[in-house]
Amino acid sequence: MSHSGNKQLSRYLSDLSAVYTYLGGTERFRAAAYRKAAKVVEALPDDIAIYCKKGTLRRLPGIGESIAQKIEEFNKSGKIGKLEALKKQVPYELLDLLSVSGFGPESLRRLHEELGISTHVHLEQAIKQGKISQLPGFGKQKIENMLRGLKLFKDTANRMLLPDAMALADQVIASLTKIPGVLQAAVAGSIRRRKETIGDIDVIVSCHSKDRAKIAAQFVKEPFVERVIVKGITKVSVIHRPSNRQIDLRIMRENEWGSGLHYFTGSREHNIHLRSLASSRGYRISEYGIFNRRSGKWLGGKTEDDIYRILGMSLMPPEMREDHGEIELSIKHEIPELVDMKDLRGDMHMHSTWSDGMNTPEQMTSYIQKHFRYDYTVLSDHSPASVITHGMNAKQVLKQIEKVRAINRNAGNQFLKTGIEVDILMNGELDMPDEILAQLDWVTASIHRGFTKDNTERLLKACENRYVCCIGHPTGRLIGSRAAYPLNMDELIRKAALTGTALEINAQPRRLDLKDEHIRSAVQAGVKLVITTDAHTYADLHNMEFGIYMARRGWCTKNDILNTQSWKEIEHFRDKKRNGNK
DNA sequence: GCCGTTTTCGGCCCGACTGTTTTCAGTCG
């Protein structure tokens, strides 16, 4: 149950952060400490119980004596007494509003103390009855903003998938580029960091300083602007039509382009860490550049590299900027060269009309050869347990092997490889006999049913089969619709390392499975990964880039990804396991 | 509550915009 524990703990730490945020004053620093700890716990590769057992909690960044104790308590009892006690001192039910635009700690405190409001229902009633407008400082505008915030809070729970956000951002960038005076325009924020889901769209332009007001004025007139939230000379926020997403635009001068892009790319945690590091070394960083702290002299900011270089650090790809240790690596100049689309030599998982794909093997092959520079591709249709997908039985597999050979013969090459996505049954066995699997070039084993139980044992057993080359979409999650099944990822990674089994990075935007932090643990454990599209159509084949992004967010180099290697090397990996890792 | 290339105490990223003020606090990214 690896991650449910971490998730719950992270949630409690966030709650503590919210309580201290509400209490305000100097408690906000305590709040910041808990917020950081919550983030750290959320991103941990191993179950929190393991850190407790090994006594390594204190070594985690942002975890000191006090928080470590609370984590120990959580590990033993599932609760944090301090949180339970604090809940009684604050309008706890209101605190989720802290994340809502229009509500800050001070507003909530006054609503509670001066009007006795302690629930959402109270709040809405009080607004309707006009009670709030009697409070000094709560003018008409402010109340309108609060109402908007509440409305948005109700229907923005789900975030956008990365490709949808990228498409929307491209549209915005195209409009910005056409505005007179705009010199450069780019996407920043979590899109640039290639997070799997996106909240707001962040974009940035550069121009001469005299053009800033003009550009801001033109931007809010664009046809996709539903409503303007803020509009100044350097920043504009609008709601996009019809997506109802917020777009934040920053307007920078030419010399501020790099520092502006850096600031606006984030992450927030990365920026805070870097700025505080800069401060301790006598610098000050803002979106306008890097400055000498004492003299205020501008030292650089035309490029992102300026910022890091002046700090004696090396630049890192946006995908790494989550304050997960990349700053420390950068100080040591040990930023790895991350895997790139151009490194990929083949797709290891795709379907055809032989199961639930939309195109024949021939069609898929010729499409790939036309649009990608791959050296090989693995056909991997479903096995019979996947009834709904018209999975192949043993006889059909043998027939398909003949078919693939014929396709290659006709083409005069060995481009198409034989394979299967074999089902892992409820008991961990596979629904295809070993003697059939032994004849295939590549075998991916996946779970397609039993999503609610703990599937650790099933997956471990599948790894033990010498013909299983790779575990497909290991967690089974579907972003926004199905949670990952309970699974001890640490055990799976250990077993994969031990048995020489690869793990899949499935590039379908709704899967992205494994996800970034699992990828990092796998890499650290020496497990090889494959990036695949799991394509069922031509269009799906183009999802490969999203798998690459996830791999980059997991700090993968080319060497960590098996399908950056020649087919000969892949065979070597496969045969090593088949021959008992000798 | 955390943390240390000035510090084990006293800081904690930094700046823009808004609203309701009348010089600024709150909020946001």
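Just so it is clear: chains get the letters A, B, ... in the order the sequence lines come, proteins before strands, and each one is counted from 1. Values below: all heavy atoms of this structure, side chains included; hydrogens, waters and symmetry mates excluded.
Across dC2(B) and dT8(B), the matching C1' atoms stand 12 Å from one another, rounded to whole Å.
Side-chain proximity of V230(A) to dC14(B), dT18(B), dG1(B): nearest is dT18(B).
A salt bridge does not link R520(A) to D516(A): none of the charged side-chain nitrogens sits closer than 4.0 Å to a carboxylate oxygen.
Glycosidic conformation of dT7(B): syn, with the torsion inside 90° of 0.
Nucleic acid contact for L274(A): none, since no nucleic acid atom lies under 4.0 Å from a heavy atom of the residue. Counting any heavy atom pair closer than 4.0 Å across all strands shown, I67(A) reaches sugar-phosphate atoms only and no base atom. Among the atoms of the strands shown, only primed sugar atoms or phosphate atoms (P, OP1, OP2) are found under 4.0 Å from some heavy atom of K70(A). Using a 4.0 Å heavy-atom criterion, one finds that K231(A) contacts the sugar-phosphate atoms exclusively.
Pair assignment for dT8(B): none, as no Watson-Crick or G-U wobble contacts are both less than 3.5 Å.
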ask   = Reading nucleotides 19-29 of chain B 5' to 3', which nucleotides get B (base under 4.0 Å from a protein heavy atom), which S (sugar-phosphate only), which -?
value = SSS----SSSB
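The shortest side-chain heavy-atom distance between M252(A) and Q184(A) does not fall under the 4.5 Å cut-off.
A ring-centre distance under 6.0 Å is found for F74(A) and Y12(A). In this structure, H262(A) has its ring center under 6.0 Å from that of H270(A).
Figure legend: cation-pi geometry between R293(A) and Y283(A) absent, as NZ or CZ is not positioned both under 6.0 Å from the six-membered ring centre and within 45° of its axis.
Between the side chain of R482(A) and the main chain of R477(A), no donor-acceptor pair closer than 3.5 Å is present.
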